[in-house]
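Worksheet: one structure, shown below.
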Amino acid sequence: RASLWGRLKELIERKPTIDAALYGQLEEALLSADLGVSLVGRLLKDIRARPATSGGGIDGVRTALKAKVLEALNATGADDAPLFDSGATPTVILFVGVNGVGKTTTIGKIAALCRARQKSVVLAAGDTFRAAAVEQLAVWAERTGSALIRGETGADPASVIFNAVNHAKEAHADIVLADTAGRLHTKSDLMDEIKKVKRAAGKARSGAPDHTWLVVDATTGQNALQQAREFHQALGLSGVILTKLDGTAKGGVVVAIADAVKLKVRFVGVGEKPDDLRPFVATSFVDALFA
Amino acid sequence: ILSKGFNNAKAALTGHAVLTPQNIDDAVREIRVSLLEADVEVGVSRVFLDRVKERAIGEVVTLETKSGAKKLTTTPGEHFVLICHNEIEKLLGPVEEAPIVFRRPYTIIMMVGLQGTGKTTTAAKLASYLKADGRRPMLVAADIYRPAAVEQLQQLGLRVGVPVYAAPGLAPEQLCQDALREAKKKKRDVVIFDTAGRLAIDDVLMTELEEIKRRTRPDNTFLVCDAMAGQDTVRTASEFNRRLDITGFILTKIDGDARGGAALSIKEVTGKPIKFLGVGEGLDRLEPFRPEGLASRILG
Ligand SMILES: Nc1nc2c(ncn2[C@@H]2O[C@H](COP(=O)(O)OP(=O)(O)OP(=O)(O)O)[C@@H](O)[C@H]2O)c(=O)[nH]1
Ligand SMILES: Nc1nc2c(ncn2[C@@H]2O[C@H](COP(=O)(O)OP(=O)(O)OP(=O)(O)O)[C@@H](O)[C@H]2O)c(=O)[nH]1
Ligand SMILES: [Mg+2]
Ligand SMILES: [Mg+2]
């Protein structure tokens, strides 16, 4: 089944002038990638406002659009502190996000990445709520040769993170990856809890966590923008992890997130295995968006 | 609470005594924004709004011909919004008398869907719901891939007080077949297969589901979808439907603030009914579907 851009290309080839109908098609293609109606409206408005001399026909429009999307993705947010050797030990990374997006699996993948660089890893089982959450993380600990720090079922997640960071300090471990329970940003008690978890990391080691990453599912629509806003306001995020990009969803909502909340994507998840993780490369992402 | 789109639509029609093809266009444009913000798929929004427009214009015509005998009781803006609301409810409904097909000596429910949508949790919720309804459900741990998936279902089964069938080392299609033998033995009358999350484009895993279906002939195949799903949902839902002929779908995480437009898209494209809504993580957080609430939410 031809991609939307593929069909668009056919249309364009039959009709080399840029008209309202063509812009309508461009709008639909961008909307289908979850960029969101207000961002798409702005991008197309900027493109139409280009001087007539910028020419290039439809390819020119496409190139200009890609450049605009790339601009939105790059022009924002500080570059994250380096993953390794950022000075403080252990490096502490907090993973947050709504239910089912891939936090636990992503931690497993990041652990594998660290272990491949001969770094010692401590996993903090901060999801003390969901059935078999700790057992799930335990499998990843075993798979990657990482230590696991857990608490009692129903224990205070902040105490688990606190203990994990302290353990990592004592063991001179390089990195602590803190898993947390999935939570909807609309639940104020759960948002209070995650703030407490973050503070606990800072109590165990001053300045921790070094990274607080929001995990976002590529199949999510406009709600991801709201998730980013709420979690950022509550915690101060330092980046986004986009998962499930191996599916057919394009994850375009991260462009809206970069544009509105000024947060960059650090890694993308492309499958369920330990090595299914890639650093985010904005140009490849934009190429895939316009494929 | 009406979204900006709705208020703009009403505003577009303020000062007009009657809906005309011209002023309807402006209102339609505003509603389109609202639907897209709600994650209704682009093509589905277009088809839906064409239908609304046709009806609105049609109603204008009937009002005009009866204008001697009839008086408008609402403003054209309110009338238009009412048409939209009504059309969405019509599309999302009708509500079924019995969301689950029951059969003797047991009925089978197969849960399918993308990764992380809430299949395992919803399987347990269904077991809890059926048990409260006087039935004897059994859960089947057919996800042999995800770390601790079997443990997750076993823990939930304990919590609900429902047996969980697990068989380490068996392929899912064999495991599900064996589960039916176990159900007969234990006189369980509802068997719920919890399957692994998978991509609709994963041919090997989609074939696995087809094989489970071929061997066990489930009476109910529920596609479990996340309420926050975006534009691509249509593609995955139609593929699951094409390969498995789903009997309905369940929308989860409705307790968040996602508008849930994916539900409209899935319904429009597959024609299959919405069966239940997942409204929380607790095992009692499952509701049979009612269109009115979701319609208002999608419209914003
Ligand atoms: N295809 C694919 N599946 C993924 C990816 N990342 C995670 N998953 C799957 O998504 C499902 C949910 O992953 P989890 O890691 O349990 O998600 P979570 O955010 O920890 O979930 P909760 O803790 O319940 O909120 C699992 O089936 C994972 O295998 C990815 O990049 N691609
Ligand atoms: N808030 C909320 N959370 C839900 C709901 N349904 C499921 N969840 C949560 O969503 C997450 C994923 O649920 P699972 O049941 O593990 O999802 P799954 O589809 O079985 O995942 P895979 O087997 O990996 O594909 C868990 O954290 C659940 O508690 C719901 O209706 N509301
Ligand atoms: Mg988890
Ligand atoms: Mg599951």
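Protein chains get the first letters and strands the later ones, always in sequence-line order, with residue 1 at the start of each.
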Enclosure of B:Glu210 CD (heavy-atom neighbours >12, cutoff 6.0 Å): yes
Residue, of [options], that accumulates the most heavy atom pairs under 4.5 Å with chain B:
options: A:Asn223, A:Thr219, A:Thr243, A:Thr186; value: A:Asn223
options: A:Thr248, A:Thr104, A:Thr220, A:Leu31; value: A:Thr248
options: A:Gly41, A:Gly221, A:Gly247; value: A:Gly221
options: A:Leu225, A:Asp246, A:Asp217, A:Val101; value: A:Asp246

Taking 4.0 angstrom as the limit, do [X] and [Y] come out as a salt bridge?
X: A:Glu193; Y: A:Lys196; answer: no
X: A:Lys187; Y: B:Glu281; answer: no
X: B:Asp26; Y: B:Arg29; answer: yes
X: B:Asp194; Y: B:Lys119; answer: no
X: A:Asp189; Y: A:Arg183; answer: no

Under 4.5 Å from any heavy atom of chain B - which part of A:Val253: neither
Engaged part of A:Glu272 at the chain B interface, taking heavy atoms whose separation is under 4.5 Å: side chain
Centroid separation B:Phe249 to B:Phe240 less than 6.0 Å: no
Those residues of residues 129-139 of chain A, ordered by number, that approach chain B below 4.5 Å (heavy atom to heavy atom): A:Phe129, A:Arg130, A:Ala131, A:Ala132, A:Glu135, A:Gln136, A:Val139
Heavy-atom contact with chain A under 4.5 Å, split by part of [X]:
X: B:Thr236; value: side chain
X: B:Asp39; value: side chain
X: B:Asp202; value: neither

B:Lys272 and B:Asn241: side chain donor to acceptor below 3.5 Å: yes
Test applied, side-chain contact (heavy atoms from CB on, under 4.5 Å); reference residue, A:Leu73; option that passes from A:Leu289, A:Ile257, A:Val286: A:Val286
Single hit among A:Ile241, A:Asp179, A:Asp276, A:Leu242 for side-chain contact (heavy atoms from CB on, under 4.5 Å) with A:Thr106: A:Ile241
Residues from residues 141-157 of chain B approaching chain A under 4.5 Å (heavy atoms): B:Arg146, B:Pro147, B:Ala148, B:Glu151, B:Gln152, B:Gln155, B:Leu156
Check: A:Thr128 side chain, A:Asp156 main-chain N or O, donor-acceptor pair, under 3.5 Å: no
A:Arg278 vs A:Phe285, side-chain contact (heavy atoms from CB on, under 4.5 Å): CA-CA, chis, key distance, verdict: CA-CA 11 Å; A:Arg278 308 270 176 278; A:Phe285 181 78; over 6 Å; no
